[in-house]
Amino acid sequence: MLYEKHPVHLTNSLSGKKERLETIVPGHVGLYVCGPTVYSDVHLGNARTFMMFDLITRYLRHLGYKVRYVRNITDVGHLVNDADEGEDKIAKKARAEQLEPMEIVKRYTEGFHHVMRQFNILPPSIEPSATGHIVEQIEIVKRLLENGFAYEVNGSVYFDVTKYNTEHNYGILSGRVLEDLMESGRKLDSQDEKRNKVDFALWKKASPYHIMRWPSPWGEGFPGWHIECTVMSTKYLGDTFDIHGGGMDLKFPHHECEIAQAVGANGKSPVNYWIHANMLTVNGQKMSKSLGNSFLPQQLFDGNHPLLDRGYGAMPVRFFMLQSHYSSTLDFSNEALGAAEKGFKKLSNALGIVKKLQHPGKANADNALTETLLKLIDDLYTNMSDDFNSARTLAVLFEMASRINDFKSGNVSLQTVDADTFEQFKAAYIGFMEDVLGLREEEEHNQELLNNVIGVLIDLRKKARQDRNFPLSDKIRDDLKRMGVQLMDGKEGEMSYTID
RNA sequence: GGUCUCGUGGCCGAGUGGCUAGGCAGAGCUCUGCAAAAGCUUCUACAGCGGUUCGAAUCCGCUCGAGACCUCCA
């Protein structure tokens, strides 16, 4: 198997070190990634994280692993803002728009899926939703109460972090020290039900006007902010599974709480390898809604945003993101995207070329060249297996693209490589471009481009007709017709067209 | 304030102590009716100061600068 030949090493956030991937069941990988909260549009920064885990999944599968990829949809928990401030605004707005929560969930889930498709991000194997697992969440809260790591107050249940920390290590992932956490930050409100401010909600009692509510042993309420991930990950992947991923900003408290909940309930550490994707930044600052520097993928495609000089295609953007390592911050800029666009075009052109290249069969192989080509193929795996280094992998692909261009132009004859080597080379280039990196040829003939192209032909035809060069004008019309574009002449010499 | 990360050439970005990252941009050349594409050649680095080492962008310390988390955030 390829994964035996090219064992994967990945940086485990738990240890901070690069470790060799040893899966629980040989040949299988259980992967859980925290999905979006579907109460607003996903922005470009969000998309980056999902793209990075798409890359990881694609590569693991390419190596021959059977990957069960679970990515949730959070549709209850921190949706309705019941924080200290501002809850009235949201409640008012929801009422004003007269929307059911599920209508909102549906709208943004579909929007999210649409964005995923645009970036060629493959769907997960399982996409569970928090509201579909209320029963399981209640069960695990019960177990935490039984095990003494939770307490009930007025119909709400909280996780007892201090108690947990006497037996386990709260902070094992994020490096936080409980005493420090107790000292910093805001103080415990006198009305607060928590015993300590570090405690977090497992189940919240629903206020009379709270719209999302379910019956529970503690009265009507809704689940807390972290419990859904613990439930959905362990339900589908087991009490201990291989890899858990998410954005860097979820490391604390979200992932730390997940560990505490799982350990508290099941008595074992839930995850062997934690992977955190870093943030997309704009002018050095994290892209986020609250800072007002975020934009939506659609705005990126249209160029419809003050930060954008113009629009960019989804594939060049994907290429742009793959040029940096998932664990590094990536700074967005028009200049960088413009450069990426050109770089991507180069690789994309070579992809189109290599697909058409046919080896003549006979060969007088040049050993040095053969070795070089085989080495390049090997480098693809070496770099991807080294913590999914897509940036280095792209560098290898650029080198391969140069070779492809040489074959195409005849600078280097295809006969200097034997057919088998060439087929391997070809398959590797196509495979890594399309299957592993998820980069496909730009073929989205957008309507505007097509219009303009046909416009040029129409102008030529008009000129030809004026010159009474009818053989040419007829050729243009006939050739286009064969492609399904019907030109129609109007009375005043204007032309229109239809496409089949 | 606490914890942590980062600072690479005009721009973006890889870099596991010793070997060219790569892309974009710039310069020259080849090819080309003109372009484009492609090919060849080429220039510009490692925030600063110390230290460890035969040798450091890479390890250690300090200084300066930027950022992330500590509240929902991918």
Side-chain angles (χ1 to χ4, degrees), chain A residues 9 11 13 16-18 33-37 39-40 42-53 71 74 77-79 81-86 112 171 174-177 179-186 197-198 200 225 245-254 256 276-281 283-291 294 319-347 349-350 353 379 383 386-387 389-399 401-412:
Chain A
H9 292 253
T11 302
S13 304
K17 289 178 184 146
K18 215 182 267 186
V33 174
C34 290
T37 300
Y39 271 63
S40 62
V42 287
H43 64 241
L44 196 64
N46 301 353
R48 183 191 181 201
T49 296
F50 300 122
M51 199 183 285
M52 292 303 111
F53 286 103
R71 189 185 62 205
T74 298
H78 45 234
L79 321 173
N81 185 353
D82 59 355
D84 312 348
E85 320 122 49
F112 168 66
S174 60
R176 294 247 147 55
V177 179
E179 290 80 66
D180 296 344
L181 289 169
M182 300 287 267
E183 283 167 24
S184 65
R186 72 182 162 86
K197 65 179 177 183
V198 289
F200 54 91
W225 295 291
M248 200 79 109
D249 48 0
L250 292 182
K251 200 170 180 181
F252 188 88
H254 187 62
E256 194 69 61
H276 288 96
N278 217 322
M279 301 291 106
L280 181 69
T281 61
N283 294 322
Q285 272 199 316
K286 173 182 173 181
M287 178 180 278
S288 78
K289 240 172 251 175
S290 50
L291 287 169
S294 71
F319 170 88
F320 166 71
M321 292 189 174
L322 291 172
Q323 265 191 311
S324 74
H325 193 254
Y326 74 82
S327 65
S328 302
T329 56
L330 173 62
D331 200 59
F332 168 88
S333 72
N334 282 285
E335 211 178 352
L337 263 186
E341 205 169 48
K342 291 185 182 173
F344 170 69
K345 195 176 171 193
K346 206 166 175 177
L347 290 183
N349 283 344
I353 291 167
D379 285 348
N383 288 314
D386 184 8
D387 209 8
N389 196 324
S390 53
R392 289 189 76 105
T393 303
L394 282 171
V396 178
L397 286 171
F398 273 106
E399 173 66 26
S402 283
R403 305 289 167 170
I404 289 166
N405 286 324
D406 279 339
F407 287 135
K408 163 80 180 328
S409 67
N411 278 350
V412 177

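Numbered from 1 within each chain, the chains take letters A, B, ... in sequence-line order.
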So what's [N] paired with, Watson-Crick or G-U wobble, going by both distances under 3.5 Å?
{"N": "B:rC54", "value": "B:rG18"}
{"N": "B:rA66", "value": "B:rU5"}
{"N": "B:rC29", "value": "B:rG39"}

Taking only the side-chain nitrogens and oxygens of [X], find out if one of them lies under 4.0 Å from OP1 or OP2 of [N].
{"X": "A:Lys408", "N": "B:rG39", "value": "no"}
{"X": "A:Asn405", "N": "B:rG39", "value": "yes"}
{"X": "A:Lys286", "N": "B:rC69", "value": "yes"}
{"X": "A:Ser290", "N": "B:rC73", "value": "no"}
{"X": "A:Ser328", "N": "B:rA14", "value": "yes"}
{"X": "A:Asn389", "N": "B:rG15", "value": "yes"}

Could you check which of [options] has an atom nearest any side-chain atom of [X]?
{"X": "A:Lys342", "options": "B:rA37, B:rG39, B:rA25", "answer": "B:rA25"}
{"X": "A:Lys346", "options": "B:rG22, B:rC69, B:rG23", "answer": "B:rG23"}
{"X": "A:Arg176", "options": "B:rA21, B:rU3, B:rC11", "answer": "B:rU3"}

Indicate the ring-plane relationship of A:Phe344 and A:Phe319, choosing parallel, tilted or perpendicular according to the 30° and 60° boundaries. tilted
Within the 4.0 Å heavy-atom criterion, would you say A:Asp331 contacts the bases, only the backbone, or no part of the nucleic acid?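 Result for A:Asp331 = sugar-phosphate.
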If you find the nucleotide of RNA chain B closest to A:Gly45 and the one closest to A:Ser174, which residue's nucleotide is nearer the 5' end?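 Taking each residue's closest nucleotide, the earlier one in sequence belongs to A:Ser174.
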For the backbone of A:Tyr39 and the side chain of A:Thr37, can you confirm whether one donor and one acceptor N or O come within less than 3.5 Å of each other?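 No: the side chain of A:Thr37 does not pair with the backbone of A:Tyr39.
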Give a yes or no on this: more than 12 heavy atoms of other residues, nucleotides or ligands lie within 6.0 Å of atom NZ of A:Lys408. no
Check whether any side-chain heavy atom of A:Thr11 lies under 4.5 Å from a side-chain heavy atom of A:His276, and answer yes or no.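 They are not in side-chain contact.
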Would you mind checking if A:Lys286 and A:Asp249 are paired as a salt bridge, meaning a charged N to carboxylate O distance below 4.0 Å?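 Answer for the salt bridge query: yes.
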